[in-house]
Amino acid sequence: MHDLVISGGLAIWAVAIAWKDWRSHRVPNVALVLLLVPALLALVVNGKGLLGVAILPSLMGFFIGGGILLPGYAIGKMGAGDVKFAACMGLLLGPLATLKMLLVFAIILGALSAAVWLVHRHVPESGKRRIAAAPALAVGFIVQLFAESLLWSFF
C-alpha cells in the first residue's frame, strides 16, 4: 500500500508537470524542487530513494536521464526544463528503468512529431513548431511506475 501511495503521488506530480508544459511550454523549477528535496532527503536518511533505489544507482539514473537529453538542449531542440525533469525522474528510477523510460519517451515523442508533421505538412512554415516533451516523458515515467513487470518482463 505504501508503494502504491508513493507511486500514485509521483504519477500525479509527473502529470501536473506534463500539463503545465503542454499548456505553456514551460517546466516550472519549483515543481522539480518539490520532488528533488524529499527525494534527496530520502537518499541521505535511508540510503534509498523514494522508490527504493540505492544512492549510486539513483545518481546514475539522474545523470543518464539528464545526460541523454542534454545534446537536444545544446542544439535548441529540447528545453532545459525537460532535461531537468528527466534527470529528476532518473534519480527516482535508477539507470536501467531510466533508459526504459527514455525509450518509451522517444517512441511517443517521435509519434507525436510525425502526427504534427502530417497535420501541418501543407501549411507554409510560419515559425518554429514546438512540441511539449514533458507529456511524453511523463508517460514513460508512469509506464515505469506501474507497468514495469508487464511490459518489460521479456527483457
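Only a predicted model underlies this, so the values are computations on that prediction, with no experimental measurement involved.
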Shortest non-hydrogen contact from G67 toward P71: O-CD, 3.2 Å
According to a hydrophobic-cluster definition based on side-chain heavy atoms being under 4.5 Å apart (Ile, Leu, Val, Met, Phe, Trp, Tyr only), do L70 and M78 belong together? yes
Would you indicate whether the side-chain heavy atoms of L93 and M101 approach each other to under 4.5 Å? yes
Decide whether V119 and W117 are clustered together by the hydrophobic rule: side chain heavy atoms of Ile, Leu, Val, Met, Phe, Trp, Tyr closer than 4.5 Å, transitively. no
Listed by chain and number, what are the side chain to side chain contact (heavy atoms under 4.5 Å, CB included) partners of L99, not counting sequence neighbours? I64, I68
Among residues two or more places apart or on two chains, list those pairs meeting side chain to side chain donor-acceptor pair (under 3.5 Å) that have a residue in residues 62-72. none
Between D21 (side chain only) and A132 (backbone N and O only), is there a donor and an acceptor less than 3.5 Å apart? no
Going by heavy atoms in the side chains, are V104 and F141 under 4.5 Å from each other? no
At their closest point, which heavy atom of A14 faces which heavy atom of A138, and how far apart are they? O-CB, 3.7 Å
Linking directly or through intermediates, with side-chain heavy atoms under 4.5 Å: list the remaining ILVMFWY members grouped with L91, chain and number order. L36, L40, L43, I55, L59, F62, F63
Where is the tightest heavy-atom contact between G81 and L32, given as atom of each residue plus distance? O-CD1, 4.3 Å
What's the shortest heavy-atom distance between F146 and A11, and which atoms? CE1-CB, 3.7 Å
hydrophobic_cluster_shared for V83 and L34, side chain cutoff 4.5 Å: no
Provide the full list of side chain to side chain donor-acceptor pair (under 3.5 Å) pairs with a residue in residues 44-73, sequence neighbours left out, each pair given once. none
Across all chains, not counting sequence neighbours, the side chain to side chain contact (heavy atoms under 4.5 Å, CB included) partners of A16 are none
Mind checking who shares a hydrophobic cluster with V30, ILVMFWY linked at side-chain heavy-atom distances under 4.5 Å? none
Whichever hydrophobic residues join L96 through chains of side-chain contacts under 4.5 Å: none
As an exercise, state the distance from CG of L118 to OG of S113, rounded to the nearest 0.5 Å. 11.0 Å
Not counting sequence neighbours, list each pair that qualifies as a ring-ring contact (aromatic ring centres under 6.0 Å, His included) and has a residue in residues 79-116. W13-F85
Hey, are the side chains of L137 and M89 touching, using non-hydrogen atoms and a 4.5 Å cut-off? yes
State, with a plain yes or no, whether a side-chain heavy atom of I142 is found less than 4.5 Å away from one of V15. yes
With side chain to side chain donor-acceptor pair (under 3.5 Å) as the rule and sequence neighbours excluded, what pairs involving residues 79-89 come up? N29-K84
Below 4.5 Å, heavy atoms only, C-beta onward: do L92 and L145 meet side chain to side chain? no
Smallest heavy-atom separation, L50 atom then A42 atom, equals CD2-CB, 3.8 Å
Shortest non-hydrogen separation from R26 to K20 and the atoms involved: O-CG, 3.4 Å
Which pairs with one or both residues in residues 22-55 pass ring-ring contact (aromatic ring centres under 6.0 Å, His included), sequence neighbours excluded? none
Under the side chain to side chain contact (heavy atoms under 4.5 Å, CB included) test, which residues partner V45, sequence neighbours left out? none
Considering only Ile, Leu, Val, Met, Phe, Trp and Tyr, and joining two whenever side-chain heavy atoms are under 4.5 Å apart, list the other residues clustered with V53. none
